[in-house]
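Contents: one structure, followed by commentary.
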Amino acid sequence: MWKGRFEGETSDLVRRLGESISFDWRLYAHDIRGSIAHSRALLRAGILSIGEQAAIEAGLLEIRDEIARGGFAFSSDLEDIHMNIEASLTARIGAAGAKLHTARSRNDQVALDVRLFCREETEAIEGALRALQGALVEVGARHPDTVLPGYTHLQRGQPVLFAHHLLAYVEMLDRDAGRLGDCRRRLNVLPLGSGALAGSTIVVDREAVAEELGFDSVSRNSMDAVSDRDFVAELLFVLGLLGVHLSRMAEDLILWTTVEFGFVTLSDAHTTGSSLMPQKKNPDVAELTRGKTGRLLGNLVSLLTILKGLPLTYNRDLQEDKEPLFDSVDTIKLLLPVIAEMVGAMRVNEDRTRAAAADPFLLATDIADYLVVRHVPFRQAHEVVGKLTAFSLREGRGFPDLTLEEFRSFSEVFAADVFGLFDVRNALEARRATGAPSPDGVAAELARWKTRLAIA
Ligand code: ARG
């Protein structure tokens, strides 16, 4: 695009290595938005005439529409989106186009574009995340009485409401949404005006540009601003952790759909068959969710690795920030709606959850609590119920099938009312503290989430 001090041609191999247009074309609308704001600042600074600025703005809008329509011919000789647009503008409007890059470098330009991209995407992702929360809340609300075992170490622990289990994911996703918001707030700073690294002798009103582009403030150090990609790293972390949450949820669903658990059945639309085994119905969506989390985490590590050795300020290594960023954004935007759809369409097999929740050993802790209320120290109560459990297993009879005499042979404190414990409903109703899975508590949480997510 410019020859200047160069006499020789760039090697074709270098061109292939160095081009970013094949992926950074996606920044075109952000680039044009930034350039229009910059041209207005140049007008106010007396660098552009009204006519020149108007020609630039019209030319840029024309290019934007052409790219949106798919009618723009990108050239890899022009390396990146910034040069493709600028060259095309100058070809269209002549000398005025060649003035646009005054008081600006691609270093502050690309930093601006990437911030605008991230800001927009955090909003879109937050919307998709809220929709998934909504799907989970709705499924929970459709099954308010479904009980299933809660697990630790993947061993049956204590009974919980199915809705309580789903709401655990709603809470995780809420923290993810909070982190997206934090990330957006911190990245919403205008880098434009930092120039290559040391600002410019042509002074433009950066505050006005910030205002026009919706930034909360302007960067305070030009060297930091052109080399800072913390906001990309933060976003990749937030998306990575969100992926980890989705992957954990996927793992629960994969387990629940096995014949061994059988708690839920996924719809045909969200499962696949086996090319060999005709009986199979595989939870591929959940598996791909779990698998794609690998690339989300890889993208974060890629970027941190790119950043760790960079001296101030801009280095071309930074061009490598975009593919991990785009990939994580695309991956999450692909996953969130399909998971929401799958969760919304899954069937809960109440006979299986009920049978699993009827396991009397789930109430072992409740028996210990029974003794505690009757003044047996918890450690002693734990020991008593441990022995009782061993006895019950040996006998092949669950707690409800033991006699009062048998109970009393382990502790004199047991009385006939111990049999009142063996009702899962009672066991849940007793768990009344905030955050615990009593039916009333879970109903209140579902209602609170419905209000927060504006679900009818
Ligand atoms: N394509 C480059 C990138 O993404 C734009 C900035 C290039 N700046 C430079 N001084 N070569 O980082």
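Both ligands and their constituent atoms are indexed starting at 1 by order of listing. The analysis underlying the following values was restricted to heavy atoms, covering all of them including side chains, and did not include hydrogens, waters or symmetry mates.
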>> With a 4.0 Å cut-off on N to O distance, would you call D366 and R431 a salt bridge?
In response: yes
> By number and element, which atoms of ligand 1 are closer than 4.0 Å to a non-hydrogen atom of S20?
Replying inline: 1 (N)
>> Whether R206 engages the ring of F215 as a cation-pi pair (distance to the six-membered ring centre under 6.0 angstrom, angle to the ring normal within 45°) should be assessed.
In response: no
>> Does R115 qualify as a cation-pi partner of F231, given the criterion of NZ or CZ under 6.0 Å from the six-membered ring centre and within 45 degrees of its axis?
In response: yes
>> Only heavy atoms of D80, strictly under 4.0 Å: list the atoms of ligand 1 that pass.
In response: 1 (N), 2 (C), 5 (C)
> Starting from atom 10 (N) of ligand 1, which protein heavy atom do you reach first, and at what distance in Å?
Replying inline: N107 OD1, 3.1 Å
> Can you tell me the protein heavy atom closest to atom 4 (O) of ligand 1 and the distance?
Replying inline: K322 NZ, 2.5 Å
> Among all protein non-hydrogen atoms, which one is nearest to atom 11 (N) of ligand 1, and what is the separation to 0.1 Å?
Replying inline: R106 NH2, 3.5 Å
> Between R26 and E121, is the closest basic N to carboxylate O distance under 4.0 Å?
Replying inline: no
>> Give the atom numbers and elements of ligand 1 that come within less than 4.0 Å of a heavy atom of Q319.
In response: 1 (N), 2 (C), 3 (C), 4 (O), 12 (O)
>> Give the atom numbers and elements of ligand 1 that come within less than 4.0 Å of a heavy atom of V110.
In response: 4 (O)
> With sequence neighbours left out, what residues match E207 under side-chain contact (heavy atoms from CB on, under 4.5 Å)?
Replying inline: D205, V218
>> Looking only at protein heavy atoms, which one is nearest to atom 3 (C) of ligand 1, and what is the separation?
In response: Y314 OH, 3.3 Å
Side-chain donor-acceptor distances from residues 134-153 under 3.5 Å, at least two apart:
residue	atom	partner	partner atom	Å
R142	NH2	G344	O	3.0
H143	ND1	V139	O	3.1
T146	OG1	E350	OE1	2.8
T146	OG1	E350	OE2	2.9

